[in-house]
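Presented below is the structure to which this report refers.
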Amino acid sequence: MKIATYNVNGVNGRLKVLLRWLEEARPDVVALQELKGPDARFPVQEIERAGYGAVWHGQKSWNGVAILARDQEPLLTRKGLPGEPKDEQSRYIEAIVDGIVIGGLYLPNGNPYPGPKFDYKLRWLQRLQDYAAELLELDVPVILAGDFNVIPTELDVYKPERWRNDALFRAEVRESYRKLVGQGWADAVRELHPGERIYTFWDYFRNAYGRDAGLRLDHLLLSPGLAKRLTKAEVDKRVRGWEHTSDHAPVWIELSESAIKRRDD
DNA sequence: ATGTCACTACTTTAGTGA
(Lines give C-alpha, C1' and ligand atoms only; values in the text may rest on other atoms or scores of the structure.)
Protein backbone atom coordinates (compact mmCIF):
# COMPACT_ATOMS: atom_id res chain seq x y z
CA MET A 1 0.00 0.00 0.00
CA LYS A 2 1.41 3.31 -1.13
CA ILE A 3 0.55 6.45 0.84
CA ALA A 4 1.70 9.93 -0.16
CA THR A 5 1.60 13.53 0.95
CA TYR A 6 1.84 16.42 -1.49
CA ASN A 7 1.61 20.17 -0.99
CA VAL A 8 0.27 21.07 -4.44
CA ASN A 9 0.36 24.85 -3.94
CA GLY A 10 -2.99 25.47 -5.62
CA VAL A 11 -5.02 22.42 -6.66
CA ASN A 12 -6.56 24.20 -9.65
CA GLY A 13 -3.48 26.08 -10.77
CA ARG A 14 -1.42 22.87 -10.60
CA LEU A 15 -4.11 20.40 -11.67
CA LYS A 16 -2.21 19.15 -14.72
CA VAL A 17 0.87 18.47 -12.60
CA LEU A 18 -1.20 16.68 -9.96
CA LEU A 19 -2.98 14.48 -12.51
CA ARG A 20 0.28 13.62 -14.26
CA TRP A 21 1.87 12.63 -10.96
CA LEU A 22 -1.17 10.56 -9.90
CA GLU A 23 -1.00 8.67 -13.18
CA GLU A 24 2.73 8.03 -12.93
CA ALA A 25 2.99 7.29 -9.21
CA ARG A 26 -0.40 5.59 -8.70
CA PRO A 27 -0.51 6.09 -4.92
CA ASP A 28 -3.34 4.35 -3.04
CA VAL A 29 -3.84 7.28 -0.68
CA VAL A 30 -2.80 10.92 -0.98
CA ALA A 31 -2.96 13.75 1.54
CA LEU A 32 -3.02 17.08 -0.31
CA GLN A 33 -2.25 20.51 1.13
CA GLU A 34 -2.61 24.10 -0.01
CA LEU A 35 -5.66 23.61 -2.20
CA LYS A 36 -6.03 27.41 -2.20
CA GLY A 37 -9.70 27.40 -3.09
CA PRO A 38 -13.16 27.12 -1.54
CA ASP A 39 -14.95 23.76 -1.34
CA ALA A 40 -16.99 24.53 -4.47
CA ARG A 41 -13.84 24.93 -6.56
CA PHE A 42 -12.32 21.56 -5.68
CA PRO A 43 -11.79 19.74 -9.03
CA VAL A 44 -13.70 16.65 -7.97
CA GLN A 45 -14.63 15.59 -11.52
CA GLU A 46 -11.06 15.54 -12.80
CA ILE A 47 -9.87 13.69 -9.71
CA GLU A 48 -12.65 11.11 -10.02
CA ARG A 49 -11.80 10.68 -13.68
CA ALA A 50 -8.25 9.90 -12.58
CA GLY A 51 -9.68 7.08 -10.46
CA TYR A 52 -9.77 8.65 -7.01
CA GLY A 53 -12.43 9.24 -4.41
CA ALA A 54 -11.88 12.35 -2.32
CA VAL A 55 -12.84 14.28 0.77
CA TRP A 56 -11.75 17.89 1.14
CA HIS A 57 -11.76 20.88 3.44
CA GLY A 58 -11.25 24.03 1.40
CA GLN A 59 -10.93 27.72 2.10
CA LYS A 60 -10.97 30.77 -0.14
CA SER A 61 -7.47 31.75 -1.31
CA TRP A 62 -5.42 29.99 1.37
CA ASN A 63 -4.77 26.66 3.01
CA GLY A 64 -7.13 23.76 2.26
CA VAL A 65 -6.49 20.03 2.67
CA ALA A 66 -7.83 16.88 1.03
CA ILE A 67 -7.51 13.11 1.15
CA LEU A 68 -7.71 11.00 -2.01
CA ALA A 69 -8.09 7.23 -2.23
CA ARG A 70 -7.73 5.17 -5.38
CA ASP A 71 -10.87 3.28 -6.42
CA GLN A 72 -12.70 4.08 -3.20
CA GLU A 73 -14.22 6.84 -1.11
CA PRO A 74 -12.30 7.86 1.99
CA LEU A 75 -14.52 7.73 5.08
CA LEU A 76 -14.42 11.25 6.51
CA THR A 77 -13.92 11.31 10.29
CA ARG A 78 -12.96 14.92 11.03
CA LYS A 79 -12.44 18.40 9.58
CA GLY A 80 -10.39 20.78 11.70
CA LEU A 81 -8.19 20.14 14.71
CA PRO A 82 -9.83 20.35 18.15
CA GLY A 83 -8.78 22.86 20.80
CA GLU A 84 -9.59 26.25 19.28
CA PRO A 85 -13.22 26.42 18.14
CA LYS A 86 -12.85 29.86 16.54
CA ASP A 87 -10.00 28.71 14.30
CA GLU A 88 -11.38 29.13 10.76
CA GLN A 89 -8.31 27.98 8.86
CA SER A 90 -8.68 24.74 6.88
CA ARG A 91 -5.61 22.85 7.96
CA TYR A 92 -6.71 19.40 9.11
CA ILE A 93 -8.79 16.63 7.58
CA GLU A 94 -9.06 13.03 8.63
CA ALA A 95 -10.46 9.95 6.96
CA ILE A 96 -10.26 6.19 7.19
CA VAL A 97 -8.97 4.27 4.18
CA ASP A 98 -8.45 0.50 4.30
CA GLY A 99 -8.70 0.53 8.07
CA ILE A 100 -6.00 3.18 8.48
CA VAL A 101 -6.77 6.58 10.00
CA ILE A 102 -5.21 9.21 7.74
CA GLY A 103 -4.72 12.64 9.32
CA GLY A 104 -3.88 15.14 6.58
CA LEU A 105 -2.46 18.39 7.89
CA TYR A 106 -1.08 21.72 6.78
CA LEU A 107 0.67 23.26 9.74
CA PRO A 108 0.88 27.09 9.88
CA ASN A 109 4.05 28.54 8.35
CA GLY A 110 4.39 30.91 11.29
CA ASN A 111 6.46 33.64 9.69
CA PRO A 112 7.35 36.32 10.48
CA TYR A 113 9.00 35.57 13.79
CA PRO A 114 8.22 36.99 16.28
CA GLY A 115 4.54 37.82 15.94
CA PRO A 116 0.96 36.59 16.10
CA LYS A 117 1.43 34.14 13.21
CA PHE A 118 4.31 32.51 15.05
CA ASP A 119 2.22 32.31 18.23
CA TYR A 120 -0.59 30.69 16.26
CA LYS A 121 1.86 28.12 14.90
CA LEU A 122 3.02 27.21 18.42
CA ARG A 123 -0.60 26.87 19.58
CA TRP A 124 -1.40 24.72 16.57
CA LEU A 125 1.57 22.47 17.32
CA GLN A 126 0.37 22.09 20.92
CA ARG A 127 -3.14 21.25 19.72
CA LEU A 128 -1.66 18.69 17.35
CA GLN A 129 0.36 17.16 20.20
CA ASP A 130 -2.75 16.88 22.35
CA TYR A 131 -4.84 15.35 19.60
CA ALA A 132 -2.06 13.04 18.37
CA ALA A 133 -1.74 11.62 21.90
CA GLU A 134 -5.46 10.83 21.83
CA LEU A 135 -5.06 9.06 18.49
CA LEU A 136 -2.23 6.91 19.86
CA GLU A 137 -4.36 5.93 22.82
CA LEU A 138 -6.94 4.47 20.45
CA ASP A 139 -4.33 1.88 19.49
CA VAL A 140 -5.42 1.81 15.85
CA PRO A 141 -3.25 2.31 12.73
CA VAL A 142 -2.76 6.04 12.16
CA ILE A 143 -0.72 8.14 9.75
CA LEU A 144 -0.24 11.86 10.24
CA ALA A 145 0.80 13.12 6.83
CA GLY A 146 1.32 16.59 5.50
CA ASP A 147 3.27 19.79 5.27
CA PHE A 148 4.37 20.30 8.88
CA ASN A 149 6.28 23.50 8.06
CA VAL A 150 8.93 22.22 10.47
CA ILE A 151 12.57 21.54 9.64
CA PRO A 152 13.22 18.84 12.24
CA THR A 153 17.04 18.94 12.44
CA GLU A 154 20.12 20.54 10.91
CA LEU A 155 20.34 17.61 8.52
CA ASP A 156 17.03 18.73 7.00
CA VAL A 157 18.15 22.13 5.73
CA TYR A 158 20.84 23.13 3.23
CA LYS A 159 22.16 26.00 5.36
CA PRO A 160 21.05 25.93 9.02
CA GLU A 161 22.59 29.31 9.98
CA ARG A 162 20.41 31.11 7.47
CA TRP A 163 17.24 29.61 8.96
CA ARG A 164 17.85 29.99 12.72
CA ASN A 165 15.28 32.74 13.17
CA ASP A 166 12.82 31.48 10.60
CA ALA A 167 9.56 30.07 11.95
CA LEU A 168 10.28 26.78 10.16
CA PHE A 169 13.46 26.21 12.16
CA ARG A 170 13.13 28.16 15.44
CA ALA A 171 14.26 26.07 18.41
CA GLU A 172 10.85 26.08 20.13
CA VAL A 173 9.18 24.83 16.93
CA ARG A 174 11.67 21.98 16.55
CA GLU A 175 11.27 21.16 20.23
CA SER A 176 7.50 20.94 19.87
CA TYR A 177 7.83 18.68 16.83
CA ARG A 178 10.38 16.53 18.69
CA LYS A 179 7.91 16.10 21.56
CA LEU A 180 5.17 15.15 19.14
CA VAL A 181 7.27 12.47 17.45
CA GLY A 182 8.50 11.36 20.88
CA GLN A 183 4.97 10.28 21.80
CA GLY A 184 5.73 7.13 19.85
CA TRP A 185 5.45 8.15 16.18
CA ALA A 186 7.92 7.11 13.50
CA ASP A 187 9.11 9.76 11.02
CA ALA A 188 8.97 7.39 8.06
CA VAL A 189 11.60 9.01 5.83
CA ARG A 190 14.10 9.30 8.70
CA GLU A 191 13.33 5.77 9.87
CA LEU A 192 14.54 4.30 6.59
CA HIS A 193 17.17 6.93 5.70
CA PRO A 194 18.98 7.97 8.88
CA GLY A 195 21.78 10.43 8.27
CA GLU A 196 20.81 11.09 4.65
CA ARG A 197 20.19 14.60 3.27
CA ILE A 198 16.65 14.53 1.97
CA TYR A 199 14.57 17.56 1.02
CA THR A 200 10.91 17.91 0.08
CA PHE A 201 10.73 21.65 -0.66
CA TRP A 202 12.78 24.03 -2.75
CA ASP A 203 12.02 27.75 -2.90
CA TYR A 204 11.04 29.29 -6.23
CA PHE A 205 13.65 31.97 -5.56
CA ARG A 206 17.26 32.05 -6.59
CA ASN A 207 17.21 28.77 -8.48
CA ALA A 208 16.90 26.86 -5.18
CA TYR A 209 16.00 23.59 -6.91
CA GLY A 210 18.89 23.85 -9.33
CA ARG A 211 21.27 24.41 -6.41
CA ASP A 212 19.53 21.73 -4.31
CA ALA A 213 19.01 24.39 -1.63
CA GLY A 214 16.12 22.54 -0.04
CA LEU A 215 14.25 21.88 3.19
CA ARG A 216 12.55 18.76 4.55
CA LEU A 217 9.10 19.98 5.60
CA ASP A 218 6.71 17.24 4.49
CA HIS A 219 6.48 14.27 6.81
CA LEU A 220 4.60 11.02 7.33
CA LEU A 221 4.36 10.01 11.00
CA LEU A 222 3.36 6.41 11.62
CA SER A 223 1.75 4.90 14.70
CA PRO A 224 3.86 2.07 16.23
CA GLY A 225 2.03 -0.82 14.59
CA LEU A 226 2.31 0.75 11.13
CA ALA A 227 6.00 1.50 11.62
CA LYS A 228 6.55 -2.26 11.64
CA ARG A 229 5.03 -2.47 8.17
CA LEU A 230 7.17 0.28 6.61
CA THR A 231 9.15 -0.99 3.60
CA LYS A 232 9.90 2.17 1.60
CA ALA A 233 9.93 5.95 2.06
CA GLU A 234 10.88 8.23 -0.84
CA VAL A 235 10.57 11.73 -2.27
CA ASP A 236 9.43 12.09 -5.89
CA LYS A 237 12.04 14.77 -6.39
CA ARG A 238 11.75 14.85 -10.19
CA VAL A 239 8.23 16.30 -9.89
CA ARG A 240 9.77 19.51 -8.52
CA GLY A 241 11.58 19.86 -11.84
CA TRP A 242 8.40 19.82 -13.94
CA GLU A 243 6.91 22.90 -15.60
CA HIS A 244 4.44 24.95 -13.53
CA THR A 245 5.12 22.69 -10.57
CA SER A 246 4.60 23.18 -6.84
CA ASP A 247 7.52 24.29 -4.68
CA HIS A 248 7.08 20.98 -2.79
CA ALA A 249 7.69 17.47 -4.11
CA PRO A 250 5.43 14.50 -3.23
CA VAL A 251 6.64 12.23 -0.43
CA TRP A 252 5.43 8.64 -0.19
CA ILE A 253 5.77 5.44 1.77
CA GLU A 254 5.07 1.81 1.06
CA LEU A 255 3.48 -0.41 3.72
CA SER A 256 3.51 -4.22 3.67
CA GLU A 257 0.37 -6.21 4.48
CA SER A 258 1.81 -7.36 7.81
CA ALA A 259 4.75 -6.63 10.10
CA ILE A 260 8.16 -7.12 8.54
CA LYS A 261 11.57 -7.85 9.98
CA ARG A 262 14.15 -5.08 9.75
CA ARG A 263 17.81 -5.06 10.76
CA ASP A 264 17.27 -2.94 13.86
CA ASP A 265 14.35 -5.04 15.12
C1' DA B 1 16.19 43.10 1.29
C1' DT B 2 15.83 40.00 -2.17
C1' DG B 3 13.78 36.45 -5.03
C1' DT B 4 8.95 33.77 -7.55
C1' DC B 5 4.76 31.83 -7.41
C1' DA B 6 -0.97 31.44 -6.91
C1' DC B 7 -4.89 33.64 -5.73
C1' DT B 8 -8.23 37.48 -5.27
C1' DA B 9 -10.78 41.62 -6.34
C1' DC B 10 -11.35 44.41 -9.59
C1' DT B 11 -8.69 50.36 -11.54
C1' DT B 12 -6.49 43.24 -15.67
C1' DT B 13 -2.67 45.34 -11.73
C1' DA B 14 -1.53 45.33 -6.71
C1' DG B 15 -2.24 43.14 -2.25
C1' DT B 16 -1.05 38.98 0.33
C1' DG B 17 0.82 34.80 1.92
C1' DA B 18 4.29 31.56 1.37
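All heavy atoms count here, side chains included; hydrogens, waters and symmetry mates do not. Proteins get letters first, then strands, A, B, ... in listed order; numbering begins at 1 in each.
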> H219(A) and ring-ring contact (aromatic ring centres under 6.0 Å, His included): which partner among Y106(A), F148(A), W252(A)?
Replying inline: F148(A)

> Between R211(A) and D203(A), does at least one N-O distance fall below 4.0 Å, as a salt bridge requires?
Replying inline: no

> When the P atoms of dG3(B) and dT8(B) are considered, how many whole Å apart are they?
Replying inline: 25 Å

Dump every N/O contact between nucleotides 10-12 of chain B and the protein below 3.5 Å, one line per pair.
none

> Does R240(A) make a cation-pi contact with Y199(A), if we ask for NZ or CZ under 6.0 Å from the ring centre and within 45° of the axis?
Replying inline: no

>> Just the rounded figure in Å: distance from C1' of dG17(B) to CD of Q33(A).
In response: 17 Å

> Can you tell me if D39(A) uses its side chain to pair, donor with acceptor, with the backbone of G58(A) under 3.5 Å?
Replying inline: yes

> Between W202(A) (CH2) and dA18(B) (C1'), how many Å, whole number?
Replying inline: 17 Å

> Which other residues belong to the hydrophobic cluster containing V8(A), where Ile, Leu, Val, Met, Phe, Trp and Tyr are joined when side-chain heavy atoms lie under 4.5 Å apart, directly or via other members?
Replying inline: Y6(A), V11(A), L15(A), V17(A), L18(A), L19(A), W21(A), L22(A), V30(A), L32(A), L35(A), F42(A), V44(A), I47(A), Y52(A), W56(A), L68(A), V239(A), W242(A)

>> Taking only the P atom of each, what is the distance from dT16(B) to dC10(B) in whole angstrom?
In response: 15 Å

> Taking atom P in both dA6(B) and dA1(B), what distance in whole Å separates the two?
Replying inline: 26 Å

> With sequence neighbours left out, what residues match D98(A) under side chain to side chain contact (heavy atoms under 4.5 Å, CB included)?
Replying inline: M1(A), Q72(A)

> Tell me: CG of D147(A) to P of dA18(B), nearest whole Å?
Replying inline: 11 Å

>> In whole Å, I'd like the distance from the CD atom of E34(A) to the C1' atom of dA18(B).
In response: 7 Å

> Rounding to a whole Å, what distance do you find between Y106(A):OH and dA18(B):C1'?
Replying inline: 6 Å

>> List the residues meeting side chain to side chain contact (heavy atoms under 4.5 Å, CB included) with D166(A), not counting sequence neighbours, and say none if there are none.
In response: N111(A), W163(A), L168(A)

>> Do the side chains of R216(A) and D187(A) get close enough for a salt bridge, i.e. N-O under 4.0 angstrom?
In response: yes

> What string of B, S and - do you get for nucleotides 2-8 of chain B, 5' to 3', if B is base contact, S is sugar-phosphate-only contact and - is no contact with any protein heavy atom under 4.0 Å?
Replying inline: BBBSSSS

> R164(A): what forms a salt bridge (charged side-chain N to carboxylate O under 4.0 Å, His left out) with it, not counting sequence neighbours?
Replying inline: E154(A)

> Considering only the P atoms, how many Å lie between dC7(B) and dT2(B), rounded to the nearest integer?
Replying inline: 25 Å

>> Without decimals, in angstroms, what is the distance between R91(A) CZ and dA18(B) C1'?
In response: 10 Å

